[in-house]
Asker: 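I have a structure I would like to understand better, so I am pasting it below and will then ask my questions one at a time.
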Amino acid sequence: MVPPSGVFHNQGEVCKLKKALYGLKQAPRAWFEKFSTVISSLGFRSSDYDSALFVRTTSHGRIILSLYVDDMIITGDDVDGIDEVKLQLAKKFEMKDLGPLRYFLGIEVAYSRKGYLLSQSKYISNILEQARLSDNRAIDSPLELNVKYAPSDGVPLADPTLYRTLVGSLVYLTITRPDIAYAVHVVSQFVVSPTTVHWAAVLRILRYLRGTQFQSLLFPSSSSLELCAYSDADWAGDPIDRKSTTGFCIFLGESLISWKSKKQDIVSRSSTEAEYRAMASTTTEIVWLRWLLSDMGISLSQPTPMYCDNKSAIQIAHNSVFHERTKHIEIDCHFTRHHLQHGTITLPFISSSLQIADLFTKTHSIKRFRFLIDKLSMLSVNAS
């Protein structure tokens with residue numbers, strides 16, 4: 001680093017640090033390299049599909065360690081081995097053992113006979129306090145039915161700082177709240193130049209959260225270890241650029257473990273094309289999850305069903321002949337078809353009325369919205 005003021009040095013000389021300091025660009029990498037070296041010496045192997053996931057397998061069982069900067073979760077069936085690992089790490093680093101997992105990076109973890117409950121109720125409380133809402137109204141859905149927003153709607157905000165801060169907080173909140181994923185996806189598109197109309201949309205999301213603050217994501221203890229996916233798309237849903245929206249959700253047994261609501265990068269020429277691009281994105285996530293689960297000791301012998309409500313898109317995946325109307329999406333076709341032929345996925349058809357991924361592509365009536373949320377294994381838990 002550049003020598004600090006008052007330190008004598010010749011021109012062009014710099015200081016070589018013996019230890020990495022917080023605030024330096026290289027500090028996170030230096031810390032991770034140090035931790036990786038230590039944890040590897042204890043018999044752990046870094047996952048090939050998540051570099052912050054470390055696994056150790058012995059005759060006594062398996063230990064899994066997940067690291068986020070300098071916070072970690074340790075779990076596994078080798079109880080004595082976990083105690084030994086904590087003891088060895090404490091010799092190398094200054095550590096604090098917080099006991100059974102209750103709170104991690106703003107995520108609250110509760111235990112019940114039904115399974116694990118993940119929520120962010122305290123985080124929601126902080127967001128509501130930051131927004132300084134002047135009323136206590138609660139709303140039944142995060143967005144109005146069939147609402148569409150444009151950059152030109154309303155009057156530009158004089159100071160967009162609070163809007164950007166709240167939207168950023170809402171993005172993090174979607175970690176345990178898939179019910180607001182689509183709404184947050186919508187308001188995130190206007191952080192550059194938000195208007196009064198976009199601000200009203202954010203306030204509506206906050207009022208919805210006020211009424212559902214203690215809603216939790218349930219991971220049932222009796223759940224199986226088989227993957228199941230739902231893929232959907234809303235064709236040309238954006239009124240400005242006519243791009244489609246991809247939505248998918250993936251379950252491990254009855255536990256919802258992955259979901260996404262995202263505008264597609266390319267304008268699709270038909271609903272079939274939009275659905276097929278969504279299938280390709282879902283396939284990518286399925287492949288990664290299967291690899292990650294394998295690293296954690298969960299071997300999936302059966303193909304993962306990916307439910308789609310578009311028969312034409314399913315037929316394209318099965319058909320090895322490219323037609324005039326599909327040649328421009330050849331890469332997506334090859335990718336999805338490859339994993340279909342190799343037994344990674346299957347493509348069963350599902351009625352649009354039962355398509356769970358529909359929640360992540362558009363707005364819905366309150367009745368339909370509640371129906372879809374019930375399928376996600378979300379529970380409302382009292383504050384007590």
Side-chain angles (χ1 to χ4, degrees), residues 25 28 68-69 105-107 120-135 137 139 141-213 215 233-249 258-268 274 277-278 281 285 357 359-364 369:
K25 292 181 179 179
Y68 185 86
V69 190
L105 303 175
I107 302 171
Q120 291 172 277
S121 56
K122 186 176 182 298
Y123 188 73
I124 293 175
S125 180
N126 293 338
I127 294 175
L128 295 175
E129 183 178 339
Q130 191 174 28
R132 300 187 293 273
L133 286 179
S134 58
D135 58 72
R137 282 193 299 145
I139 297 177
S141 62
L143 285 179
E144 296 178 34
L145 180 62
N146 297 326
V147 68
K148 300 291 183 181
Y149 296 105
S152 58
D153 293 339
V155 179
L157 298 178
D159 183 4
T161 303
L162 183 57
Y163 180 95
R164 294 167 180 167
T165 301
L166 291 176
V167 169
S169 298
L170 290 173
V171 169
Y172 188 70
L173 183 58
T174 58
I175 290 175
T176 62
R177 295 298 299 267
D179 51 329
I180 65 168
Y182 176 72
V184 174
H185 150 79
V186 171
V187 297
S188 297
Q189 298 177 44
F190 306 105
V191 292
V192 173
S193 183
T195 69
T196 50
V197 172
H198 308 142
W199 174 248
V202 170
L203 293 182
R204 182 182 176 92
I205 297 173
L206 296 179
R207 290 192 174 100
Y208 169 73
L209 290 173
R210 172 174 281 160
T212 59
Q213 181 174 351
Q215 197 151 279
D234 178 39
W235 178 49
D238 192 300
I240 305 301
D241 56 21
R242 308 308 289 170
K243 290 182 179 178
S244 307
T245 301
T246 290
F248 69 71
C249 55
S258 181
W259 58 89
K260 177 175 283 188
S261 177
K262 184 180 180 181
K263 185 191 289 187
Q264 295 180 2
D265 296 328
I266 301 173
V267 176
S268 296
R277 294 193 191 282
S281 296
E285 189 75 2
L359 178 69
F360 303 96
T361 62
K362 62 174 78 75
T363 60
H364 299 278
F369 183 71

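This chain uses plain numbering: 1 for the first residue, then up along the sequence.
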Asker: With no hydrogens and no angle check, is any side-chain donor or acceptor of H185 less than 3.5 Å from a backbone partner on I180?
Answerer: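 Between the backbone of I180 and the side chain of H185 there is no qualifying donor-acceptor contact (under 3.5 Å).
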Asker: Mark yes or no for whether R242, through its side chain, and S268, through its backbone, hold a donor-acceptor pair below 3.5 Å.
Answerer: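 No; zero donor-acceptor contacts below 3.5 Å.
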Asker: Apply side chain to side chain contact (heavy atoms under 4.5 Å, CB included) to the pair D179 and Y208, showing each step before the final yes or no.
Answerer: CA-CA 10 Å; D179 51 329; Y208 169 73; 2.6 Å; yes
Asker: Got a donor-acceptor contact below 3.5 angstrom from the Q215 side chain to the R177 backbone?
Answerer: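 Absent.
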Asker: Examine distances only and state if a side-chain atom of K362 and a backbone atom of N146 form a donor-acceptor pair shorter than 3.5 Å.
Answerer: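 Answer holds: no.
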Asker: Parallel, tilted or perpendicular, judged at 30° and 60°: which one describes the rings of Y163 and W199?
Answerer: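 If you compare the ring of Y163 with that of W199, the planes turn out tilted.
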Asker: Any idea which heavy atoms bring A274 and A233 closest together, and the distance?
Answerer: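 What the structure gives for the nearest pair is O-CB, 3.5 Å.
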Asker: Indicate yes or no: at least one non-hydrogen side-chain atom of L173 is less than 4.5 angstrom from one of L209.
Answerer: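 Yes; the side chains approach each other to less than 4.5 Å.
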Asker: Do the non-hydrogen side-chain atoms of L157 and T195 ever get within less than 4.5 Å of each other?
Answerer: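 Not in contact.
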Asker: May I ask you to check whether over 12 heavy atoms, not counting those of K122, lie within 6.0 Å of atom NZ?
Answerer: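 Not buried by this count: 12 neighbours or fewer within 6.0 Å.
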Asker: Would you say the side-chain atoms of R204 pair up with the backbone N or O of S141, donor to acceptor, closer than 3.5 Å?
Answerer: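 It does hold such a pair.
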Asker: Could you state the interatomic distance from OG (S125) to CZ (R210), rounded to the nearest 0.5 Å?
Answerer: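 Interatomic distance, S125 OG to R210 CZ, rounded to 0.5 Å: 10.0 Å.
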Asker: Just how far is it from atom CG of D241 to atom CD of Q264, taken to the nearest 0.5 Å?
Answerer: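 Between D241 CG and Q264 CD, I get 11.0 Å after rounding to 0.5 Å.
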Asker: Does a side-chain heavy-atom distance below 4.5 Å link T363 with E144?
Answerer: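 No, every pair of side-chain atoms sits at 4.5 Å or beyond.
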Asker: Where is the tightest heavy-atom contact between P151 and I240, given as atom of each residue plus distance?
Answerer: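 Scanning both residues, the minimum pair turns out to be CD-CG1, 4.0 Å.
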Asker: State, to 0.1 Å, how close D265 and K243 come at their nearest heavy-atom pair, and which atoms those are.
Answerer: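 Taking every non-hydrogen atom into account, O-NZ, 3.2 Å.
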Asker: Give the minimum heavy-atom separation between Q130 and T165, together with the two atoms involved.
Answerer: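 Closest pair (atom of Q130, atom of T165, distance): NE2-CG2, 3.3 Å.
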Asker: As a quick check of understanding, evaluate side chain to side chain contact (heavy atoms under 4.5 Å, CB included) for L128 and L133, giving each step before the final call.
Answerer: CA-CA 7 Å; L128 295 175; L133 286 179; 4.2 Å; yes
Asker: Considering only heavy atoms from C-beta outward, does the side chain of F369 approach that of P142 to under 4.5 Å?
Answerer: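 Of all side-chain heavy-atom pairs linking P142 with F369, at least one is under 4.5 Å.
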Asker: Any heavy-atom pair between the side chains of Y172 and Q120 that's under 4.5 Å?
Answerer: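 A side-chain contact under 4.5 Å exists here.
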Asker: Decide if atom NZ of K262 counts as having more than 12 heavy atoms of other residues, nucleotides or ligands within a radius under 6.0 Å.
Answerer: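 No, the 6.0 Å shell around NZ holds no more than 12 heavy atoms from other groups.
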Asker: Is the closest side-chain heavy-atom distance between T246 and K260 below 4.5 Å?
Answerer: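 No, too far: nothing below the 4.5 Å cut-off.
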Asker: Main chain of T245, side chain of T361: is a donor-acceptor contact present, judged purely on distance under 3.5 Å?
Answerer: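 No, because the side chain of T361 does not come within donor-acceptor range (under 3.5 Å) of the backbone of T245.
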Asker: Between CD1 of I205 and CG of L143, what distance do you get to the nearest 0.5 Å?
Answerer: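 Rounded to the nearest 0.5 Å, the CD1-CG separation comes to 5.5 Å.
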Asker: Closest approach of S258 and F248, non-hydrogen atoms and distance?
Answerer: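 Smallest interatomic distance, heavy atoms only, reads OG-CE1, 3.8 Å.
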Asker: Quick check: does any side chain N or O of D153 sit under 3.5 Å from a backbone N or O of A150, one acting as donor and the other as acceptor?
Answerer: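 At least one qualifying donor-acceptor pair exists.
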Asker: On a heavy-atom basis, which atom in F360 and which in P178 lie closest, and how many Å separate them?
Answerer: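 Closest approach of F360 to P178, heavy atoms only: CE2-O, 3.5 Å.
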Asker: Roughly how far apart are Q213 CD and L206 CG, rounded to 0.5 Å?
Answerer: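 One gets 11.5 Å once the value is rounded to the nearest 0.5 Å.
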Asker: Report the C-alpha distance between Y123 and I107 in whole Å, list the side-chain angles of each, state the deciding distance to 0.1 Å, and finish with yes or no for side chain to side chain contact (heavy atoms under 4.5 Å, CB included).
Answerer: CA-CA 8 Å; Y123 188 73; I107 302 171; over 6 Å; no
Asker: Atom CH2 of W235 and atom CZ of R277: how far apart are they, to the nearest 0.5 Å?
Answerer: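 Answer rounded to 0.5 Å: 13.0 Å.
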